[in-house]
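Throughout, protein chains are lettered first and strands after them, A, B, ... in sequence-line order, and every chain is numbered starting at 1. Quick caveat, the model's predicted, so the values are computed rather than measured.
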Amino acid sequence: MEIPKQYDPKEAELHHYERWEQQGYFAPEINHNPDAPVFSIAIPPPNVTGSLHMGHALQHTMMDVLTRYKRMCGYRTLWLPGMDHAGISTQLMVSRELKKEGLTRHDLGREKFVERVWKWKSESGGQITKQMRREGASVDWTREKFTMDEDLSRAVREVFVRLYEEDLIYRGNRIVNWCPNDQTVLSDLEVLKEPQAGKLYYLRYPAKNGGGSVTVATTRPETMLGDSAVAVNPNDDRYRSLVGSTLMLPLTNREIPVVADEFVDPEFGTGAVKVTPAHDPNDYEMGLRHDLKQVVVIDEHAKMTAAAGASFVGLDRYKARDKVVEEFETLGLLDKVVDYEFSISRCERCKTVIEPLISLQWFMRMEPLRDLALGLMTREKKPQFVPEVPYEKVYTNWLENLRDWTISRQLWWGHQIPAWYTKEGEVFVARSLLEARAKAGTDDLNQDQDVLDTWFSSGLWPFSTLGWPEETADLKTFYPTSVLVTARDIIFLWVSRMVMMGKKFMNERPFDDVFVTGTILDKHGQRMSKTKGNGVDPLEVFDKFGVDATRLTLAQVGTTDTRWNEKQVESYRNFANKIWNAARFCLMNSEGAVVDPELLQLQEADQSLHDRWIVSRLNKTARDLRQSLAGYQFHEAVQTLYHFFWDDFCDWYIELTKAEVTAEEDSPQRALARSRLLSVLEQALRLLHPFMPYITEELWLRLPGVDQKLLHQSYRDAEPSIMLAAYPEGQSHLIDERAEFEMQAVIDLISRVRNIRSEMNIKAGERVPLLIGSPDKELREVFAANKNQISRLVRASEVSVTEKLDAPRASARAVLVGGAELAVPLEGLIDFAQERERLQKEREKLINEAAKLEAQLANPQFAERAPEEKVAEVRARLADIAQRTGQLKQSIENLG
RNA sequence: GCCCGCUUGGCUCAGUGGUAGAGCACUCGCUUCACACGCGAGGGGUCACAAGUUCGAAUCUUGUAGCGGGCACCA
C-alpha cells in the first residue's frame, strides 16, 4: 500500500464525518449498555443569522473534545445542537433584504413578513450547521432544535403562563430603554454604555415670585421642556429656604416645585437637579417619590411631542437641544456651558442612542427567581464555574443586584406574547387562543402584538430541547446536563437565566459545571469583530492547515485570552504530519503484524527495556490526560499528548525498536516487535482522537487487525470506528518507574555522546567507539543489554561496558548522573586544550550548583524546619554532584 | 468611582512554596533506509518593580507602575 509522505487533511476530512453521522455514532442510542453513565451538553445555540467565527470554533472544539472523550469512556453521550431565532438580528437582516426590493416590513404586514423570515431561514439560515460538520463536531443532528420550533414555543408559553399565574410576570408602565431606530424596548443588558465627550449646560430657572432663581446643570437641555421639579439635597444649606417654593419653567410657562431628595449630590454641578420623570430613569424614581407629573416631551421616534410646545413639536431631539440652548441664551438664562465627559447608552445592535421612555411593557419579577439561583450556589455550590475566580463572584454579585427584566419586544419575529385582550382591555394570559377564549368567555379577543425577548426562550434551552413540559425519556436521562461551555459575555444574559429557569421549572440545576473559555484576540490584542474587520475566519484556517491542527490550537487556549498566532497552527499542522509519518513507518513495516492491545497488558522482566518503558509512558500519559480533562485543563492535555507522541513515541520508541521492526528476515521476534509497535500506535491514536478526530480515524482504519474487538464494550455491535474505541485507561500496574529510570539513564547516555559528537565536529557518517564505565552493577547491566540500541543511535563502531572506565588519554569524556562515565576515543581528532576547557566549564557549573546546595545545608534552620525528605534530597544531590565533580577533575588531570 | 485579571527568554503562551518550561524564531551540523511540515546538538530569561511572610518566594501578602476587562443612577 502506497502512503504519501505528506498528510493531506482535506482527504481525511472528506468522508468520515458523513459516515459517522449516517451510522448514528453521534446519537446516545449507539450505546447499548443500560447502566452506562450519562454525559450531556446543550450547545449554546448560535444565532440563525450567524456564520461560524473563531469564538464558535473555540467553544465547539472544547465541547467536542469532552463529548468524544466521554463517549470513548463508555458514557451515554448527547451533545445536542440547535439554533436561536435571534429576534432583532434576524428581523433586521430580513428587513434589509426587503429594503433592496424597495419594501419595508410594514408593506408586507406582519403575517407575510414572518412567512418571509421563515423562508429566509430555510433557504439561507443556519450556515453554522454545515460549518459545524466541517469542524467534526459530534453533535446528534437527529435531536437538533430551533427556539421557534413548535415544541419549544409551547414550552415558552407554558413558562409564561405559569409565571404570570404566580405573579412573577406582570405588565406595567415603567421607564424603559427605547431604541428609536429599531422601535423596540431593550433590556438593561442589551444597551452599551459608552464614554461620550459632551457638554454640561447650566440653565437658570427664575423663581415664581420675582427676584431669585435656581441654576441647574444638565447634559440634555431638551428634556427641560418636560421638567416637573427641581430637586436639592435636604441637607444643603444653600437651598434649604427654597424647598417648597415654586419656579417658573422657562419656555413653557409652567410652574414647578423645588423638592428635597437624598439622591441629589450637593457636590455636583450647582447642587440643584432638574427632574424630568418621563425621560430619565433616576428622575422617574424621584418623580414617584414626590408624586410628580410625568410630562412626555419626546416620542418613540425621538422627536418632540406637542407637550413640548408649539415651537418644538416634531423637532428631532438634538435639534430641540440646540433650540433650547439658543432660547435660554436669548433670555439670558444660560449661565455657562462646560465640556463634560459622561457615559451614553446605545443600542447594542444599531448603536443608536437609547431614549429612556415611559412605556407599557411586560416584566419579569426577578427577586424570587434570583433567590433560587443564589440558594443553589450557597447550598450546593452549583454551577461550578471553571475558572472559579473570577466568574463565581461576578455571577453572584450580578444576581444580588438584579432588577426586573423587561421581556416584551416590539418586534414581529419571535414568540408572540400569549396574552389576549377583550374589547374592554381586560387581559387573559393563556397557553392558546382556545384557552384564552374559555377564560374570557368571549371569542372577541386580540392577542398582544409584542414578542418575547430572545433570551426568554434561551433561558429554557437545557430542558425545552429535551421535551419539557412533557416528561420525556430524554428529559429524565439527560437533564441536568453535565457542563456548559461558553464565552464570558453571556454569563448574565444567558447562564444566570438558565439557572433560574431550570431551578424554577425542573427544580434542578441546568448543568453541573460552567466552563468559561478564553477569548481569541487578533495579533494586536484587540477583540475580533465584524466592524473592525480583524476577524480570522476559521474555515480559511481549516483550508490552510487542516481541521485537526486548528482544533489542537484552539483546545490549548483553555481559559485565557490569547492572541491569534498562525505559527502555532502551523506547528500543529506539522504535528499532524508527524503522526502521519509515524503511522506510515509502522504500516510500511506491518507485514505479518496485527494490532493487539493484549500485547501491552503485561510488564515482564524478560521484555526489552524500551517495550516496558513505552507501556509505562503510555499508561502514565493516559492517566495524566484523564486527570487534565476531568479538570478542564485543555492546555495541559494538549501538551501531554504532543510530547508523548513526538518525544516518547517518535524520537525514542520508534528509533529503539526500529532495528527489530525493520529486520530483513521474517521471524517471530520481528512479528512481535511489529505488532507491539502497531499496538502502541493504535493506543496513541485513541488518546489523540478527541482532539484530532479526522487524522486518527483515517489512520486507525488502516491498521491491520482493527475490528470490533477494539471498541468499547458498549459499542461492540457497531462498525469499527476509533470514535467508539475504548479510551485508554492509564492503569497504574502498568506504570513501571524502574523501567522509566533505566530508560532515562540510556537516554542521558545517548544524549551525552551525541553532544560530544556535535561539539567535537565528528562527521555525521563517522562511527566512533564508545566506552562506558559504571560502578553500579544494575546500570551496567542496563547499558550492556541495550548495547545495540545505543550503538545505533549514537552511530558507534563498538560499545563496551565495564565497571571502571579504561579509556585512552585522547578521549572525549562525560560524567553521567549516578556516577557512570563515558569516553569516546578520538585519537588524532581531539584538541586537548579544547577538551580540557569543555570539561572545566562543566565542572564549574557543577561547583556553582554545589555551592548553592551547601549554603542551604549550612543554614541550621533549613535542616530544622524543612521537611525531612527535602533535606535528604538536597544531600543526595550534593553527593552526586561531588562525585561527578571529582570524576571530572580526574578526567581533566588525565588529559595532562 | 468600585471590582477583577494580566505582566515569565525576540514572539505567542504554559507552569509552580524547594534545581526556570513549550512552540515559533535564532546558531551549528545533517539528503542517517517514517517524516526537511524532518533529524541531531546548542545559545538565550535576576519570571514588571518595591517591601513583607517563610529555613526557602518567580510562586503567598501588601503596595507601585503599565496593559486589559467587568460593574455603576451622579444630573
Side-chain angles (χ1 to χ4, degrees), chain A residues 3 5-7 193 200-201 216-220 223 231 263-265 267-276 280-286 340 342-343 387 389-391 393-394 397-398 401 488-489 491-492 519 521 523 525-527 545 549 553 556-558 560-568 570-589 633 635-636 638-639 642-643 650-651 654-655 658 662 750-751 754-759 761-765 792-795 849 852-853 856 859-867 870-871 873-874 877 881:
Chain A
I3 305 170
K5 278 187 174 189
Q6 256 190 25
Y7 170 55
K193 302 265 172 112
L200 196 56
Y201 303 85
V216 296
T218 181
T219 55
R220 298 198 61 194
T223 61
F263 168 79
V264 179
D265 174 5
E267 304 294 318
F268 188 90
T270 61
V273 186
K274 61 190 272 310
V275 184
T276 321
D280 180 279
N282 299 313
D283 294 4
Y284 175 79
E285 298 290 330
M286 241 191 293
Y340 180 65
F342 58 103
S343 76
V389 178
Y391 300 116
K393 200 171 149 193
V394 167
N397 283 354
W398 184 79
N401 299 310
R488 65 172 145 266
D489 51 359
I491 290 179
F492 307 145
T519 310
L521 308 168
K523 63 182 169 185
Q526 299 289 311
R527 282 186 85 91
F545 297 107
T553 310
Q556 74 156 10
V557 165
T560 39
D561 294 357
T562 305
R563 295 170 192 221
W564 178 251
N565 181 355
E566 198 176 271
K567 281 283 181 192
Q568 184 67 74
E570 188 181 326
S571 98
Y572 286 133
R573 187 273 314 264
N574 296 351
F575 180 53
N577 197 54
K578 187 75 179 175
I579 296 169
W580 181 259
N581 278 288
R584 181 166 175 263
F585 173 79
C586 299
L587 288 168
M588 277 167 33
N589 296 286
Q633 299 296 308
H635 186 279
E636 195 175 73
V638 171
Q639 293 302 308
Y642 185 90
H643 291 292
C650 293
D651 286 353
I654 289 183
E655 294 305 328
K658 199 174 252 179
T662 59
I750 291 169
S751 300
R754 285 170 168 175
N755 172 258
I756 287 172
R757 290 187 60 115
S758 182
E759 297 220 342
N761 295 315
I762 298 169
K763 290 220 165 50
R792 185 185 166 97
L793 294 190
V794 305
R795 315 200 121 223
E849 204 184 326
K852 276 190 216 156
L853 296 176
Q856 207 172 350
N859 182 350
Q861 287 177 313
F862 174 66
E864 227 170 86
R865 305 202 187 174
K870 271 293 166 235
V871 180
E873 194 186 303
V874 171
R877 250 166 59 206
I881 289 172

Quick one: label [X] by what it contacts on the DNA or RNA (base, sugar-phosphate, nothing), any heavy atom closer than 4.0 Å.
X        : answer
A:Cys650 : base
A:Gln526 : nothing
A:Val273 : base
A:Asn589 : nothing
A:Pro390 : sugar-phosphate

(message) Please find the pair of heavy atoms, one from A:Val216 and one from A:Thr270, that lie closest to each other, and give the distance.
(response)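 Here A:Val216 and A:Thr270 meet closest at CA-OG1, 3.8 Å.
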(request) Check whether the side chains of A:Tyr572 and A:Gln556 place a donor and an acceptor atom closer than 3.5 Å, and report yes or no. (result)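 Yes - a donor-acceptor pair under 3.5 Å links their side chains.
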(message) Heavy atoms from C-beta onward define the side chain here; which of B:C30, B:A34, B:G40 lies closest to that of A:Ala582?
(response)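 That would be B:A34.
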(message) Taking the minimum atom-to-atom distance to the side chain of A:Lys567, which one of B:C73, B:A25, B:C13 wins?
(response)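 Nearest listed nucleotide: B:A25.
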Rounded to whole angstrom units, what separation is found between the [atom1] atom of [X] and the [atom2] atom of [N]?
X        : N     : atom1 : atom2 : value
A:Gln856 : B:U19 : CD    : P     : 9 Å
A:Glu636 : B:G21 : CD    : P     : 17 Å
A:Lys658 : B:G40 : NZ    : C1'   : 13 Å
A:Met588 : B:C35 : CE    : C1'   : 10 Å
A:Tyr572 : B:U12 : OH    : C1'   : 11 Å
A:Leu587 : B:A34 : CG    : P     : 13 Å

(request) For A:Thr662 and for A:Thr562, find the nucleotide of RNA chain B with the closest heavy atom, then tell me which residue's nucleotide is more 5'. (result)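 Here A:Thr562 is the residue nearer the 5' end.
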(message) Does this structure show an ion pair linking A:Lys852 with A:Glu849, if we count only N-O contacts that are shorter than 4.0 Å?
(response)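 Salt bridge absent between A:Lys852 and A:Glu849.
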(request) Would you mind checking if A:Arg488 and A:Asp561 are paired as a salt bridge, meaning a charged N to carboxylate O distance below 4.0 Å? (result)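 Salt bridge present between A:Asp561 and A:Arg488.
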Any [X] side-chain nitrogen or oxygen under 4.0 Å from OP1 or OP2 of [N]:
X        : N     : answer
A:Arg563 : B:U12 : yes
A:Lys193 : B:C73 : yes
A:Asn574 : B:C35 : no
A:Lys578 : B:C35 : no
A:Tyr340 : B:A75 : yes
A:Arg220 : B:A75 : no

Between [N] and [M], how far apart are the two [atom1] atoms, rounded to whole Å?
N     : M     : atom1 : value
B:C74 : B:G17 : P     : 41 Å
B:G69 : B:A75 : C1'   : 28 Å
B:U32 : B:G40 : C1'   : 10 Å
B:G45 : B:G21 : C1'   : 11 Å

(message) Can you tell me whether the side chain of A:Arg584 and the base of B:C35 have a donor-acceptor pair closer than 3.5 Å?
(response)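 Checked by distance alone, the answer is no.
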(message) Can you say whether a donor on the side chain of A:Gln556 sits under 3.5 Å from an acceptor on the base of B:A22, or the other way round?
(response)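 Flag unset: no donor-acceptor pair detected.
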(message) Does the Lys NZ or Arg CZ of A:Lys578 fall within the cation-pi geometry relative to A:Tyr642 - under 6.0 Å from the ring centre and within 45° of the axis?
(response)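 No, A:Lys578 does not sit over the ring of A:Tyr642.
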(request) Would you please name every residue forming a ring pair (Phe, Tyr, Trp, His ring centres under 6.0 Å) with A:Phe268, sequence neighbours left out? (result)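 Residues passing ring pair (Phe, Tyr, Trp, His ring centres under 6.0 Å) with A:Phe268: A:Tyr340.
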(request) Both distances under 3.5 Å, Watson-Crick or G-U wobble: on that basis, could you give the dot-bracket string for RNA chain B, with [ ] for crossing pairs and | for other-strand partners? (result) (((((((..((((....[..)))).(((((.......))))).....(((((..]....))))))))))))....
